[in-house]
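For the numbers below, each heavy atom of this structure counts, side chains included, while hydrogens, waters and symmetry mates do not. As the structure lists them, so they are numbered: ligands from 1, and atoms in each ligand from 1.
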Amino acid sequence: MKRCWVEVSLDAIARNYRAVRDAAGPEVALMPVVKADAYRHGAVEVSWRLEQEGAQWLAVSNVEEGIHLRRHGVRARILVMADTVAAGGNAWREYRLTPVVHDLLEIPRVSVPYHLKIDTGMGRLGVRAACEQIARAVAGTPLEGIMTHFASSADYESAQTAEQMAEFERVLAALPERPRWIHQSSTNPVHFGRRAAFGNLVRPGYAVYGYVSKGRSAPEGLLRVEPALAWKARILLVKDVEEGARIGYGAMFRAPRAMRIGVIGAGYADGLPHRLSNKGQVIAAGKKTAILGAVSMDVTTIDLSHAPQLGPGDAVTLLGREGEAQIDATAIARLAGTISYSVLCGISARVERVFV
Ligand SMILES: *Cc1c(COP(=O)(O)O)cnc(C)c1O
């Protein structure tokens with residue numbers, strides 16, 4: 001019996017994908033982002049399903065992730081967004097992967113169709129060079145796409161996105177010809193309807209997995225999506241403790257009254273943030289209940305005073321929904337002082353995944 005697992009709904013992923021497609025409109029193709037094992041949802045199964053939904057492009061971070069998909073029969077185009085041309089070697093051709101080039105000096109080494117990323121102001125990956133220099137470097141090469149990535153796309157109090165878009169347009173206008181694919185938008189610009197940044201291809205990740213950002217002074221979001229992943233653990237032990245009992249490492253929690261506690265089979269080695277110690281909640285018997293004391297490596301103690309019916313072998317929900325009670329990655333992130341992306345990607349490899 002599994003002690004800790006995630007349940008991924010491929011139907012939810014498909015519904016989320018269609019929601020993004022509808023928001024992007026018929027002129028715009030989708031390149032769902034399945035990097036980092038599809039934000040821990042399972043890159044192979046998610047990619048198969050997205051292909052069935054009509055995705056012609058998928059995006060990953062590195063060459064190994066692209067090879068992994070090819071070896072599992074994924075046939076869509078695969079864009080490798082964060083690697084070097086040299087790292088790919090023969091794999092670009094052998095596995096039909098498409099590199100993103102971030103440095104003009106790499107262009108002479110590319111012999112397959114490539115996308116060029118422009119650093120329009122994010123200050124991370126991408127080329128930052130004068131327009132004329134970029135235009136000269138790409139002339140006569142198999143440039144297939146041009147892209148950029150925004151640093152502050154949920155923040156409508158910042159001018160950064162508008163500035164980045166203007167810079168992108170300047171580069172685009174200087175090119176000898178318009179590449180086949182033009183893309184700038186991850187989930188946020190699609191959600192907030194920044195149509196001028198859609199180009200003819202968008203790169204949603206977060207929304208496909210069922211999340212959108214709140215935005216700052218942002219227009220009302222377009223996307224209605226639902227989290228596709230639930231995370232569960234089994235109760236290993238239940239017991240009654242007396243008032244004043246100390247719970248876990250450092251006796252961080254002391255029972256204010258007699259309590260029924262449960263020890264569950266999930267800890268920080270499974271990805272449950274240690275920062276949830278004495279602070280986080282899980283759902284047990286349909287109700288949110290407190291994490292007591294320190295989250296330890298393999299187990300965590302919770303309050304089960306409200307649920308005498310639960311015992312060893314019963315499941316609790318770390319992330320997901322039971323009836324009215326819901327905990328999503330955003331709620332966990334808020335308590336743990338991190339971001340929801342990191343909560344999802346942080347669910348460790350030893351947590352088994354089942355598709356429901
Ligand atoms: C991760 C990533 C995306 C997807 O971002 P979401 O916020 O998950 O939609 C898009 N483009 C690039 C370059 C990325 O690295």
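Contacts of Tyr268 classified as side-chain contact (heavy atoms from CB on, under 4.5 Å), with partners at least two apart in sequence or in another chain: His274, Val295, Met297.
Residues Leu116 and Val127 are in side-chain contact: their nearest non-hydrogen atoms beyond the backbone lie under 4.5 Å apart. Side-chain contact between Ser277 and Met252 is present, with at least one heavy-atom pair separated by less than 4.5 Å. For the pair Val354/Val6, no side-chain contact is recorded, criterion being any heavy-atom separation below 4.5 Å from C-beta on. Val20 places a side-chain heavy atom less than 4.5 Å from the side chain of Val190.
Taking the six-membered ring where the residue is Trp, Phe192 and Tyr156 present perpendicular rings, their angle passing 60° and hence far from 30°.
If you look at ligand 1, the protein residues with a non-hydrogen atom under 4.0 Å away are Val33, Lys35, Tyr39, Met81, Lys117, His149, Ser186, Thr187, Arg203, Pro204, Gly205, Tyr206, Tyr341.
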